[in-house]
Every structure is written in C-alpha cells, then in structure tokens.
Amino acid sequence: ALSGWAQKQMAAYKRTPGLKGITFVPIRARQDQKKLVFEAVVDSLPVHDRSVTRYLKLFLLYDTADSQVVKVTITIRGELRE
C-alpha cells in the first residue's frame, strides 16, 4: 500500500525484512535543535522500469539532548538512471 509506483510488480512482494544487519548512516544534523537524522536502506523493491531503482528506507530522528529516538519514518525512495 506504501507504493505509488509499480503496483503490479509490488503485488507479489510479501517480504518482511528484518532490521538485523542494516546500517544507519547520519544524513543531517541540527545543532540548534539537538537533533540527528539517520537513514538506512532496508530492502530493494520491485520496479516498473529497468531504469529505476527503488528502495525501502527507514529514517530515524534522534534527540541528542534526551538520548532517544523521537520519530521513525518508513518510506520508498527511487532513483532514475540516465
């Protein structure tokens, strides 16, 4: 249901990828708000076109003042190869 593209190709996607072994990479820091954003690629997804690559991604918003994750976002991101 998360996928707006490749609906037909996603119909057979039934995986439940685990989080073991994924790598979180810091992608943004807001020192004024004491927040860090981390990104991880959870899985590669089926595509509707060979020139497109799609990923299931996980973003974490971490509060450095409280030492805790305050928000988790799961989404699909894609790249078009030219």
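Computed from a predicted model, the values in this text were never measured in an experiment. Along the sequence shown, the residues carry numbers beginning at 1.
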Working to the nearest 0.5 Å, report the span between CD of Q33 and OG1 of T64.
10.5 Å
Distance in Å, F59 CZ paired with K71 NZ, rounded so as to fall on 0.5 Å steps
11.5 Å
What do the steps show when you test K35 against L61 for side-chain contact (heavy atoms from CB on, under 4.5 Å), and what is the final call?
CA-CA 7 Å; K35 302 278 193 292; L61 179 62; 3.9 Å; yes
Would you say [Y] ends up clustered with [X] if hydrophobic residues are merged whenever their side chains have heavy atoms under 4.5 Å apart, either directly or through other cluster members?
| X | Y | answer |
| --- | --- | --- |
| I76 | L19 | yes |
| M10 | V52 | no |
| V42 | I74 | yes |

So, applying side chain to side chain contact (heavy atoms under 4.5 Å, CB included) with F24, which one of L36, V41, L60 is it?
L60
Tested for side chain to side chain contact (heavy atoms under 4.5 Å, CB included) against P17, the lone hit among D43, L58, I22 is D43
With side-chain contact (heavy atoms from CB on, under 4.5 Å) as the test, would you mind laying out the steps for V25 and F38 before giving the verdict?
CA-CA 5 Å; V25 178; F38 292 89; over 6 Å; no
When you compare the side chains of T53 and R81, does any donor N or O come within less than 3.5 Å of an acceptor on the partner?
yes
Do Y62 and S67 have side-chain heavy atoms sitting under 4.5 Å apart?
yes
side-chain contact (heavy atoms from CB on, under 4.5 Å) between K8 and H48, intermediate numbers included
CA-CA 8 Å; K8 187 163 80 172; H48 61 288; over 6 Å; no
Flag the pair D63 and K34 as a salt bridge only when some basic side-chain nitrogen lies within less than 4.0 angstrom of an acidic carboxylate oxygen.
no
Apply side-chain contact (heavy atoms from CB on, under 4.5 Å) to Y13 and L45, showing your working.
CA-CA 8 Å; Y13 181 81; L45 298 175; 3.5 Å; yes
Donor-acceptor under 3.5 Å (R54 side chain, P46 main chain):
yes
Should the heavy atoms of other residues, nucleotides or ligands under 6.0 Å from CD of Q31 be counted, would the total exceed 12?
no
